[in-house]
Amino acid sequence: MFVTVKDKEMISVKEALALIQNNSISLGVEEVSVSEALDSYLSEAVFSPINLPPFRQSAMDGFAVRSHQGGFYTIKEEIQAGDSKDIKLEVGEGARIFTGAQVPDDADNVIMKEHVLEKEEQIFLQKKTEKNNIRIPGELIKKGALALPKGTLLNSAALAFLIGLGIAKVKINKKPSVAILITGNELESAGESLTRGKIYDSNSIMLKMLLKKAGIEKIACYNVKDTEEDSVEVVKKAIENYDLLIASGGISVGDYDLMRNAFQTNGVCEKFYKINQRPGKPIYFGKKENTLVFGLPGNPAACFINYQVYVLPAIQLALGNESILLLKKATLEEELLNPTNKSLFLRAEVRGGSVKISENQNSAMLQSLVAANALVYIPETIKKIEKGEEVHYLEILQ
Ligand SMILES: Nc1nc2c(c(=O)[nH]1)N[C@H]1C(S)=C(S)[C@@H](COP(=O)(O)OP(=O)(O)OC[C@H]3O[C@@H](n4cnc5c(N)ncnc54)[C@H](O)[C@@H]3O)O[C@H]1N2
Ligand code: MOO
């Protein structure tokens, strides 16, 4: 009897994402210095240990005065930013002051330099303003207030904010270490000459760069020969030493597509194999203890798209970011047909709320992905979308 692989074996995009969400890994927490925390996620909320600014601070260069009805003030002192002088002022007196300096307790106003006439030790106020140009303590954040919630992505502004509060160390979720497994006897490295039957390996650099973008630091890359022995051996080594495996190629149904078997032989528990989508139908996801295993298709664009849709969310969950796969909406520039019974992920350019689907959607083609900034998601049940209708898309960083 002939046996065929039936479409019903495949799961939907939503089912696949739910399985990834339900099988996330957590790698614990580590405390690092703020300067080493870029692109990490806070494992706990941070509260401000100080008022910011810590004291009444001048917002302008000018004169801190103890106000009165008249326009003349006697200037008796100078206060620079950083000075710790404790200056007493009588009514009608003032001190020359600079932006960022501590305003004397007696002063109720900082008059901008441009608003006075100066003569020797006297100033005459020419213009009255509403603002007193004094930043009050805790104006930016109060001592004890929530500075950053748990799960915040520590970008450069976040790191500067923490340092500005005097916080030198932060607790972050440990980042997964990742092993990339590149399969295929046909692969040659760029720089080498291309002999008969060979092509250049593009997936290893693509996956490495995407992982770097995701903030992953420990990345190893193994080349796997198309033999059962080598596949099993490399998978074993990678599972022992890494938190996440991403295999490229060898995951379809050919006689030399050996990765699914290599995962199984190594005791990986399969969560799904094949998704009802185009491109990237052949995809494997499994778990062994606290290690996640992905087998992505070798076709470069399919590999890229499956990384964005499935692997990146798994990484973000491990990092402690739960807001994964947030789809946005934009309007279609041209009518779109889905003649398949599959979900589609179409590379596209989204500009100013309008979606232009890239012309070439070939799963082996990288060139048309270069300008793409989005993957438009068309669910399997949708057959036609009119020009001007809304579609959902996933923003991609690459
Ligand atoms: N009988 C069937 N054949 C195939 C099916 C199917 O359902 N039934 N699915 C097709 C689809 S869709 C895809 S996608 C591919 C996936 O195949 P594999 O994941 O097993 O990948 P390979 O066969 O190893 O490679 C596919 C293609 O990609 C090229 N490749 C592989 N690695 C790299 C790399 N690192 N850099 C650049 N290019 C790479 C490889 O040479 C092949 O041309 O299966 C279809 N077949
Ligand atoms: O998924 Mo394959 O990528 O359609 O060629």
Side-chain angles (χ1 to χ4, degrees), residues 2-13 16 179-192 194-211 219-228 230-231 234-235 245-264 272-286 293-311 338-347 358 360-370 372 375 377-378 380:
F2 292 108
V3 181
T4 54
V5 179
K6 293 264 163 48
D7 276 3
K8 69 177 180 207
E9 271 187 22
M10 292 186 269
I11 63 167
S12 70
V13 170
I180 300 169
L181 278 54
I182 298 292
T183 76
N185 286 352
E186 74 278 26
L187 300 176
E188 191 57 88
S189 300
E192 303 297 323
L194 209 53
T195 52
R196 191 177 160 88
K198 307 275 184 186
I199 60 158
Y200 289 119
D201 161 30
S202 50
N203 291 351
S204 58
I205 180 134
M206 180 173 75
L207 290 168
K208 268 186 226 164
M209 296 301 113
L210 288 169
L211 289 164
I219 304 168
C221 193
Y222 297 96
N223 291 315
V224 187
K225 293 191 201 93
D226 286 338
T227 65
E228 196 177 322
D230 202 43
S231 310
V234 178
V235 169
L245 270 59
I246 309 174
S248 141
I251 203 62
S252 184
V253 292
D255 291 354
Y256 298 96
D257 290 332
L258 303 165
M259 297 315 287
R260 189 182 185 198
N261 176 62
F263 299 145
Q264 197 178 0
F272 65 72
Y273 175 58
K274 291 192 179 173
I275 304 175
N276 189 31
Q277 65 174 30
R278 182 177 286 172
K281 173 184 77 173
I283 171 174
Y284 174 101
F285 173 59
V293 177
F294 282 93
L296 304 186
N299 275 322
C303 182
F304 177 96
I305 289 168
N306 277 347
Y307 171 87
Q308 296 283 355
V309 180
Y310 303 105
V311 183
N338 179 6
T340 73
N341 58 356
K342 298 180 189 310
S343 295
L344 305 180
F345 285 101
L346 303 172
R347 63 205 85 167
S358 312
N360 196 322
Q361 298 289 334
N362 187 321
S363 71
M365 184 188 238
L366 285 173
Q367 193 177 16
S368 60
L369 255 179
V370 175
L375 295 175
Y377 168 56
I378 310 295
E380 59 208 39

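Every number for a ligand or one of its atoms is a count from 1 in the order of the listing.
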Does any N or O atom in [X] lie less than 3.5 angstrom from one in ligand 1, N or O only?
X	answer
G250	yes
S204	no
G298	yes
E186	yes
S363	no

With a cutoff of 4.0 Å, is [X] in contact with ligand 1, counting heavy atoms of the residue only?
X	value
G254	no
Y256	no
P300	yes

Open item on the list: Please compare A302, G184, S252 and report which has the shortest non-hydrogen distance to atom 10 (C) of ligand 1.
Closed with: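 That would be S252.
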
- [ ] Out of K281, M259, M206, indicate the one that has the non-hydrogen atom closest to atom 7 (O) of ligand 1.
- [x]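 Looking at heavy atoms only, K281 sits closest to atom 7 (O) of ligand 1.
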
Task: For K281, atoms of ligand 2 separated by under 4.0 Å from a heavy atom - done: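 Listed by number with element, the hits are 1 (O).
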
Open item on the list: Suppose I only count heavy atoms of A302 and a 4.0 Å limit; which atoms of ligand 2 are within that range?
Closed with: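 Within the 4.0 Å cut-off of A302, ligand 2 contributes 3 (O).
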
- [ ] Give a yes or no on this: more than 12 heavy atoms of other residues, nucleotides or ligands lie within 6.0 Å of atom CD of Q264.
- [x]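 Not buried by this count: 12 neighbours or fewer within 6.0 Å.
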
TODO: Return the orientation label for the F272 and Y310 ring planes: parallel under 30°, perpendicular over 60°, tilted otherwise.
DONE: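 If you compare the ring of F272 with that of Y310, the planes turn out perpendicular.
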
Task: Minimum-distance protein heavy atom relative to atom 5 (O) of ligand 2 - done: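 Residue, atom and distance for the closest contact: S363 OG, 2.5 Å.
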
Task: Protein residue, atom and distance nearest to atom 1 (O) of ligand 2, heavy-atom basis - done: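 Going atom by atom, the protein heavy atom closest to atom 1 (O) of ligand 2 ends up being G280 N, 2.3 Å.
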
- [ ] Please work out whether any backbone atom (N, CA, C, O) or any side-chain heavy atom from C-beta onward of P282 is under 4.0 Å from ligand 2, and answer side chain, backbone, both or neither.
- [x]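 Contact part for P282 vs ligand 2: side chain (C-beta onward).
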
TODO: Specify side chain, backbone, both or neither for P279, according to which of its non-hydrogen atoms lie closer than 4.0 Å to ligand 2.
DONE: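 Both the backbone and the side chain of P279 come within reach of ligand 2.
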
Open item on the list: For ligand 2 and N299, I'd like to know whether there is a polar contact (N/O to N/O, distance under 3.5 Å).
Closed with: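 Such a contact does occur with ligand 2.
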
Open item on the list: I'd like to know if the side chain of Y200 and the backbone of E192 have a donor-acceptor N/O pair within less than 3.5 Å.
Closed with: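 Flag set: sc Y200 to bb E192 pair under 3.5 Å.
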
Open item on the list: Under 3.5 Å, is there a donor on one side chain and an acceptor on the other for N360 and S368?
Closed with: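 No pair is found: no donor N or O on one side chain lies under 3.5 Å from an acceptor on the other.
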
- [ ] Go through F345 and N306 one step at a time and tell me if the side-chain contact (heavy atoms from CB on, under 4.5 Å) criterion holds.
- [x] CA-CA 9 Å; F345 285 101; N306 277 347; 5.9 Å; no

